[in-house]
Amino acid sequence: MSRIFITGSTDGLGLAAARTLMKEGHEVVLHARSRERVSALAEISPTALGIVIGDLASATETRSIAEQVNAIGRMDAVIHNAGIYLERSRGETPDGHAKTLAVNVLAPYLLTAWITRPDRLVYLTSGMHRSGSSALDDIDWKKRPWNASQAYSESKLFIATLAASVARHWPDVFSNAVDPGWVPTKMGGAGAPDDLEMGHLTQTWLAASDDGAAKVSGRYWYHRQRREAAADVGDPGFQDALVKKLAELTGVRLFADGR
């Protein structure tokens, strides 16, 4: 039995993953953006290990999420599932960041730094990461005209790269990136063609399975199959440059060597 925290678990892939893991007997800590959203968890909350609340667009609330998780106890795995898709505008978080970057990249980066280190980390990316630019001078979209699709693609390139960087720096942790496919969730839309079940079962498999095939690190997965990520994802130079940029934007260093 494992203890697992899942961000964004009030609907979609996160909720499906939570249900699956709880049915398998694991202890699951759920996450809701606000107290109002907790009601969406009414069906499974009675058997959850706990529910933490906080908006990932805010660094202060993200810090609170980490503190709530740590107060429950050390997790065996964390699934960084939460994400947003096509925002109409750059937006402005309480910390002044583009909302897509804040939720999809900065929040999982901060949670990785602040939550007591688990044995396994799973980061949700997308096949769209291959369209993301590896230029890091304006990842917060302060200079460029807003492009929602490009911002999303870049955020998914960055989160896949973060997963690979964690795998390289923390050899005692299984850190992997998962492309769930274009699945019929609120984010993906009812007409999305991919398999919703395989989308979330890859997360749960990597987070809790005793299968030797799941006990690996630094991989990019699609429907429990290894795939090749964009070349930048596996480039140590790009990994270090990205982590340095994220440290500059958040004021938080992830790795002891400063990279």
Side-chain angles (χ1 to χ4, degrees), residues 1-57 61-62 64-66 68-69 72 75-87 99-100 102-104 107-108 111 115 118 120-127 152 155-156 159 163 176-209 214 221-224:
M1 182 176 68
S2 296
R3 181 179 290 179
I4 301 164
F5 172 52
I6 308 172
T7 65
S9 40
T10 57
D11 58 24
L13 291 168
L15 179 57
R19 284 176 174 149
T20 295
L21 289 166
M22 291 168 73
K23 286 179 181 177
E24 292 175 353
H26 300 291
E27 295 182 325
V28 177
V29 177
L30 306 168
H31 163 247
R33 184 176 64 251
S34 64
R35 294 194 179 278
E36 291 72 26
R37 292 291 293 150
V38 171
S39 61
L41 297 170
E43 176 192 340
I44 62 172
S45 58
T47 51
L49 181 61
I51 302 175
V52 302
I53 301 170
D55 189 343
L56 293 169
E61 292 198 34
T62 299
S64 174
I65 291 168
Q68 292 171 66
V69 171
I72 293 171
M75 299 294 118
D76 295 298
V78 174
I79 300 176
H80 293 283
N81 165 82
I84 55 177
Y85 187 33
L86 300 180
E87 291 291 295
K99 189 175 180 182
T100 298
V103 174
N104 291 3
L111 290 176
I115 291 176
R120 307 189 193 196
L121 287 163
V122 180
Y123 299 85
L124 267 287
T125 181
S126 163
Y152 177 78
S155 76
K156 292 305 178 179
I159 201 64
N176 291 282
V178 174
D179 170 10
W182 182 11
V183 292
T185 61
K186 182 172 67 176
M187 179 187 291
D194 273 340
D195 187 328
L196 177 62
E197 185 174 15
M198 285 307 298
H200 79 266
L201 288 181
T202 305
Q203 298 182 45
T204 60
W205 179 67
L206 288 169
S209 177
W221 296 88
Y222 171 78
H223 292 190
R224 291 199 191 179

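- For the residue pair S209 and A214, the shortest heavy atom distance occurs at CB-CB, 4.0 Å.
- In this structure the side chain of N104 never reaches within 4.5 angstrom of the side chain of I159, judged on heavy atoms.
- V122 has its side chain out of reach of T204: every pair of non-hydrogen atoms, C-beta onward, lies at least 4.5 Å apart.
- Although no hydrogens or angles enter the test, the distance criterion places a donor-acceptor pair under 3.5 Å between the side chain of T7 and the main chain of A82.
- When each of T125, N176, D179 is paired with W221, the side-chain hydrogen bond (donor to acceptor under 3.5 Å, both in side chains) condition holds for N176 and for no other.
- Remark: I53 CD1 to H31 NE2 distance equals 8.5 Å, nearest 0.5 Å.
- A salt bridge links D11 with R37: at least one charged nitrogen is closer than 4.0 Å to a carboxylate oxygen.
- In this structure, CD1 in I51 is found 8.0 Å from CD1 in I44, a value given to the nearest 0.5 Å.
- Scanning both residues, G54 and I65, for their nearest heavy atoms gives O-CD1, 3.5 Å.
- In this structure, OG on S155 lies 13.0 Å from NZ on K99, to the nearest 0.5 angstrom.
- One finds the NE2 atom of H26 at 13.0 Å from the CG atom of L49 (value rounded to the nearest 0.5 Å).
- Taking the six-membered ring where the residue is Trp, Y85 and Y152 present perpendicular rings, their angle passing 60° and hence far from 30°.
- With respect to H80, the side-chain contact (heavy atoms from CB on, under 4.5 Å) criterion is satisfied by exactly one of L124, L121, I6, L56: L121.
- Within the 4.5 Å cutoff, no side-chain heavy atoms of V28 are placed close to those of T47.
- Taking each heavy atom of L41 and S9 in turn, the nearest pair found is CD2-O, 3.1 Å.
- Atom CG of N81 is separated from atom CD of Q203 by 4.5 Å, given to the nearest 0.5 angstrom.
- The CG atom of L15 sits 7.5 Å away from the OG1 atom of T10 when rounded to the nearest 0.5 Å.
- Side-chain polar atoms of S64 and Q68 form a donor-acceptor pair below 3.5 angstrom.
- When side chains are defined from C-beta on, L21 counts as touching I79, because their heavy atoms get closer than 4.5 Å.
- When all heavy atoms of T100 and E87 are compared, the closest pair comes out as OG1-CG, 3.5 Å.
- Under the 4.5 Å side-chain criterion, counting only non-hydrogen atoms from C-beta, F5 is in contact with V52.
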